[in-house]
Amino acid sequence: MQNFDFHNPTRVMFGKGQIAALAQLVPAGSRVLMLYGGGSIRNNGVYDEVKAALAGHTLLEFGGIEPNPTYETLMRAIALVRAENIDFLLAVGGGSVIDGTKFVAAGSLLEEDPWTIFEQRAANVQGALPFGAVLTLPATGSEMNSAAVVTRKATQEKRAFASRHVFPRFAVLDPTKTFTLPARQVGNGVVDAFVHVMEQYMTHPVDAKVQDRFAEGLLLTLIEEGPRTLAAPEDYDARANLMWTATLALNGLIGAGVPQDWSTHMIGHELTALYGLDHAQTLAVVLPSMLRVRREAKRAKLLQYAARVWDLREGDEDARIEAAIAKTEAFFESVGVPTKLSGYGLSREHVEPVLAALEAHQLTKLGEDRGVTLEVSRKVLELSV
Ligand code: NZQ
Ligand code: ZN
């Protein structure tokens, strides 16, 4: 195991009715801006509960943050923060709203164009407005991590940054507020969380037993609770397990001290930027091909995954590995997320622009061993058609 510095300052308030805790969680006397998406929070009681909890605070609103939040929209939020002297932000929604709020929190304090955060790998982020999150969609882990992904519509770019200044102060997780999610978003969330675990687990062994077993436990929970949630959308326990799993999948815990491989995500971001696929759809397409193409580098971990997650313990090693990858694919399909580019109307001619974008963003040596060159990415994408 490598040395690590694990620090996660986000306080989590989990369970039914926890939105009421906002009254105490948001500092008294602050000027609060609540940020939200396209309006789902008005249909499930979240909006009303937040307003009621913050009745004693000065509260302004900024709605309309879109899935894959855009720089263009977020710059309007930054203008509002400045004009109204806002000093606390509250993100209410899914990963897009929370990521957007992180960008607003950091960008509001910058004199230069906040897009430079991506160009400078967040080196210019020296602080951020404090903020909290009320999560309505278990998927990204953004509610308990320090990463954000923002899209620039004008140039079709989707870029990520991370900074210790943008950990949420708190996250409110009420599983009953996820009952209204459309099946497509439930499936997306399951796949996203699954791939987050895989990108921190499926590398090479470093004898990190706790990280491995935690990761396998999260994967097994997703395999059980994803289909259970889709079958019974108002099953509180299934929702609760799913929500806590997605948070733990990307809050730094299972990734501490182990090699990581974010190549599937990086290629996936380009697919969303160019062709508008949902984030999780891109992952369902790329991950299985990535595992097939990188089978040698990942052999030991693939065998461990086959045995411990899919109970494939006997017979030829290569056959076990292929069976584990096929089961992964079938699982994604079973929660409603197609695993081939053709499932989204894309074909071979859509591969080249993705490679050009990876090159333009200097994403040409990805993976735990920097072994995912453009040539490897090409193979992966061609196998995904
Ligand atoms: O906008 P509204 O009306 O709220 O509707 C949303 C949106 O249309 C809807 N929704 C959310 N909660 C709901 C609900 N509908 C009914 N009931 C509810 N309770 O779901 C739709 C999708 O929401 P979005 O926030 O876009 O989804 P998700 O949470 O999957 O976030 C995706 C974004 O997160 C980024 C992705 O790239 C993408 O931009 N990621 C962020 C990460 C991070 N910060 O660590 C890591 C991830 O890998 C990912 O890249
Ligand atoms: Zn993701």
Side-chain angles (χ1 to χ4, degrees), residues 5-15 17-37 41 46-47 49-62 65 69 74 77-78 80-82 84-110 114 117 122 125-150 160-175 177 243-244 246-253:
D5 172 354
F6 176 69
H7 176 79
N8 191 312
T10 304
R11 175 177 181 183
V12 176
M13 302 294 285
F14 190 97
Q18 291 284 24
I19 291 176
L22 289 174
Q24 286 78 44
L25 290 167
V26 177
S30 42
R31 291 179 61 79
V32 185
L33 180 66
M34 158 188 185
L35 300 100
Y36 59 96
I41 62 166
V46 171
Y47 179 85
E49 285 183 35
V50 171
K51 294 279 278 195
L54 294 180
H57 288 75
T58 304
L59 181 64
L60 283 79
E61 294 177 21
F62 184 89
I65 296 180
L74 299 171
I78 288 176
L80 183 63
V81 164
R82 289 175 176 158
E84 294 290 345
N85 293 316
I86 296 294
D87 54 21
F88 196 92
L89 305 176
L90 182 65
V92 185
S96 292
V97 171
I98 302 173
D99 282 11
T101 300
K102 291 175 180 177
F103 182 76
V104 172
S108 294
L109 302 189
L110 286 180
I117 292 173
V125 177
Q126 299 295 329
L129 288 176
F131 68 97
V134 176
L135 181 69
T136 63
L137 197 177
T140 62
S142 186
E143 66 278 8
M144 202 181 174
N145 72 34
S146 59
V149 191
V150 173
F161 82 96
S163 161
R164 65 184 175 84
H165 298 293
V166 297
F167 275 106
R169 297 285 163 110
F170 60 78
V172 176
L173 277 59
D174 178 344
K177 301 306 176 202
M243 205 168 198
W244 190 220
T247 299
L248 292 174
L250 195 49
N251 74 344
L253 188 62

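Remember, it's a predicted structure, so these values are computed and weren't measured experimentally.
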With sequence neighbours left out, the residues meeting side-chain contact (heavy atoms from CB on, under 4.5 Å) with Asn145 are Lys102, Ser142, Ala147, Leu250
Residue pair [X] / [Y], side-chain heavy-atom distance below 4.5 Å:
X: Leu74; Y: Pro69; answer: yes
X: Asn8; Y: Phe167; answer: yes
X: Leu110; Y: Gln126; answer: no
X: Phe6; Y: Leu253; answer: yes
X: Leu89; Y: Val81; answer: yes
X: Phe103; Y: Ile78; answer: yes
X: Trp244; Y: Pro138; answer: no

Q.
Are more than 12 heavy atoms, taken from residues, nucleotides or ligands other than Arg164, located less than 6.0 Å from that residue's CZ atom?
A. no
Minimum-distance pair of heavy atoms, taken over all atoms of [X] and [Y]:
X: Val166; Y: Ser146; answer: CG2-O, 3.4 Å
X: Gly94; Y: Leu137; answer: CA-CB, 3.9 Å
X: Ser96; Y: Ile65; answer: O-CG2, 3.9 Å

For residues 23-37, dump all side-chain donor-acceptor pairs below 3.5 Å to protein atoms at least two apart in sequence or in another chain.
from  : atom 1 : to    : atom 2 : distance (Å)
Ser30 : OG     : Pro27 : O      : 2.5
Arg31 : NE     : Glu84 : O      : 2.8
Arg31 : NH2    : Glu84 : O      : 3.1
Arg31 : NH2    : Glu84 : OE1    : 3.3
Tyr36 : OH     : Arg42 : NH2    : 2.9
Tyr36 : OH     : Glu61 : OE1    : 3.2

Value rounded to 0.5 Å, distance of [atom1] in [X] from [atom2] in [Y]:
X: Phe161; Y: Asp99; atom1: CZ; atom2: CG; value: 8.0 Å
X: Leu90; Y: Leu60; atom1: CG; atom2: CG; value: 12.5 Å
X: Phe14; Y: Asp174; atom1: CZ; atom2: CG; value: 8.5 Å
X: Tyr47; Y: Thr136; atom1: OH; atom2: OG1; value: 15.0 Å
X: Arg169; Y: Arg11; atom1: CZ; atom2: CZ; value: 13.0 Å
X: Leu109; Y: His165; atom1: CG; atom2: NE2; value: 10.0 Å

Checking Leu135 against Ile98 for the side-chain contact (heavy atoms from CB on, under 4.5 Å) test, could you report, in this order, the C-alpha distance in whole Å, the side-chain angles of both residues, the deciding distance, and whether it holds? CA-CA 8 Å; Leu135 181 69; Ile98 302 173; 3.7 Å; yes
Going by distance alone, is a donor N or O of one side chain under 3.5 Å from an acceptor N or O of the other, for Thr10 and Glu143? no
Discussion item. Between Leu173 and Gln18, is the side-chain contact (heavy atoms from CB on, under 4.5 Å) condition met? List the steps.
Written reply: CA-CA 7 Å; Leu173 277 59; Gln18 291 284 24; over 6 Å; no
Does the Asn251 side chain pair with the main chain of Met144, one donor and one acceptor, at a distance under 3.5 Å? no
query = Is there a side-chain contact (heavy atoms from CB on, under 4.5 Å) between Phe131 and Val104 once you walk through the steps?
reply = CA-CA 10 Å; Phe131 68 97; Val104 172; over 6 Å; no
